[in-house]
Amino acid sequence: MSKFLERCKGNKDSVGAYAVQCGECSKWRFIPTKEEFESIRHNFIENPWYCNKKPGVTCDDPADLEYDNTRIWVFDKPNIPKAPPNTERMLIMRRDCSKMDAHYIMPNGKKVRSGVEVEKFLEAYPEYKGKISPSSFSFTVPKVMDERSPRKFEAKASPSSNKRLKISTKKE
DNA sequence: GCCACCGGTGGC
DNA sequence: GCCACCGGTGGC
């Protein structure tokens, strides 16, 4: 169950940092760029990630970060296709941190929010047909770890839930 | 008039 | 119960 994390931030793409968990030692390692992260993610199941894929790093080195509540963690599904060339996959955190929304910025700056909208886009701009494959879009959003969400926390705390409480005012 | 944002829901 | 998707709208 190795996973990825991302973190809540501002308004643009809400992800503040990317990390992967090593398939061997389970330590978390930062991945410097979105592109690199997407590239690791797109075939993660067949191609798990290990510390030694990071230059000069081995499992003996201390983790880059720990899974704690100093930041908002969001876990991606593995094997999401890379964003097609000249498009960007955006993940936007809701204000209450309850969930994220996914969309793509197309090469001409247009925004699409679903597979149907991709199809409509290709109808509207046929010059992209054949260049952009509808199957390489995924609108699957990462899962927000729920103790991060004030709203869900309240909802959970009100009825008799014996959940561990872990508040932690997040954010910066 | 647009668009970022959020709520609702249908299908699984 | 979850989550992908879409409609509505409030603020600009």
Side-chain angles (χ1 to χ4, degrees), chain A residues 1-21 31 33-35 37-46 48 67 69 71-172:
Chain A
M1 54 171 298
S2 37
K3 288 297 156 37
F4 305 88
L5 113 135
E6 295 163 11
R7 164 177 183 244
C8 179
K9 211 176 63 182
N11 30 6
K12 296 296 286 176
D13 189 300
S14 306
V15 181
Y18 301 89
V20 203
Q21 195 171 29
I31 302 300
T33 65
K34 184 191 228 177
E35 291 67 32
F37 183 78
E38 289 195 350
S39 161
I40 293 167
R41 184 179 60 192
H42 92 281
N43 62 350
F44 187 75
I45 293 175
E46 316 86 86
Y67 181 41
N69 59 15
R71 55 183 85 220
I72 294 175
W73 289 71
V74 158
F75 287 85
D76 256 319
K77 295 270 192 332
N79 288 41
I80 292 175
K82 292 187 210 177
N86 303 315
T87 72
E88 188 178 3
R89 189 173 189 271
M90 307 291 291
L91 291 172
I92 309 299
M93 180 62 86
R94 300 257 174 133
R95 198 192 318 281
D96 65 357
C97 292
S98 61
K99 63 176 174 178
M100 302 192 86
D101 294 292
H103 68 264
Y104 286 80
I105 306 296
M106 300 306 244
N108 61 1
K110 299 289 180 188
K111 172 178 163 181
V112 294
R113 301 188 297 164
S114 70
V116 172
E117 288 191 9
V118 173
E119 302 290 353
K120 285 183 190 166
F121 174 88
L122 292 175
E123 291 308 315
Y125 305 95
E127 60 268 31
Y128 295 110
K129 279 191 183 173
K131 294 175 156 182
I132 293 184
S133 159
S135 65
S136 51
F137 292 81
S138 165
F139 296 87
T140 298
V141 291
K143 185 174 174 60
V144 181
M145 295 299 99
D146 57 357
E147 57 272 330
R148 305 267 103 258
S149 161
R151 195 229 222 151
K152 282 194 184 172
F153 173 75
E154 285 166 17
K156 213 181 267 174
S158 48
S160 61
S161 84
N162 45 6
K163 285 288 181 195
R164 81 269 168 194
L165 311 180
K166 228 198 272 172
I167 300 202
S168 87
T169 35
K170 41 116 254 167
K171 293 215 160 146
E172 46 245 339

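Here the structure is a predicted model, which is why all the values come from computation and not from measurement. To find a chain, count down the sequence lines: A is the first, B the second, and so on, and within it residues start at 1. Side-chain atoms are counted along with the backbone in the values below, which use heavy atoms only and exclude waters and symmetry mates.
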Nearest-angstrom distance from the residue atom [atom1] of [X] to [atom2] of [N]:
X        : N     : atom1 : atom2 : answer
A:Ile92  : B:dC3 : CD1   : P     : 15 Å
A:Met90  : C:dA4 : CE    : P     : 18 Å
A:Lys143 : C:dA4 : NZ    : C1'   : 14 Å
A:Leu91  : C:dC3 : CG    : P     : 14 Å
A:Lys110 : B:dA4 : NZ    : P     : 11 Å
A:Phe75  : C:dC3 : CZ    : C1'   : 18 Å
A:His103 : C:dA4 : NE2   : C1'   : 16 Å
A:Lys77  : C:dC2 : NZ    : P     : 12 Å

*Any donor-acceptor N/O pair, A:Tyr104 side chain to A:Ser138 backbone, under 3.5 Å*: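 The answer is yes, because a donor-acceptor pair under 3.5 Å joins these two groups.
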_Proximity to the side chain of A:Arg95 - top-ranked nucleotide from C:dC5, B:dA4, B:dC5_ =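 Out of C:dC5, B:dA4, B:dC5, the nucleotide with an atom closest to A:Arg95's side chain is B:dC5.
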*asked:* Check this for me, if you would: do A:Glu38 and A:Arg41 make a salt bridge, where the nitrogen-to-carboxylate-oxygen distance has to be below 4.0 angstrom?
replied: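 Answer for the salt bridge query: yes.
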*B/S/- contact track for nucleotides 6-12 of chain C, protein heavy atom under 4.0 Å*: BB-----
*Parallel, tilted or perpendicular, as decided by the 30° and 60° cut-offs, for the rings of A:Tyr67 and A:Trp73*: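 Perpendicular.
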*How would you list, by chain and number, every residue that makes a ring-ring contact (aromatic ring centres under 6.0 Å, His included) with A:Tyr128, sequence neighbours excluded?*
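Checked A:Tyr128 against ring-ring contact (aromatic ring centres under 6.0 Å, His included); matches are A:Phe121.
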*Hey, what do you get for NE2 (A:His103) to CZ (A:Phe137), rounding to the nearest 0.5 Å?*
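If I round to the nearest 0.5 Å, the distance is 12.0 Å.
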*How far does NZ of A:Lys34 sit from CE of A:Met90, to the nearest 0.5 angstrom?*
5.0 Å
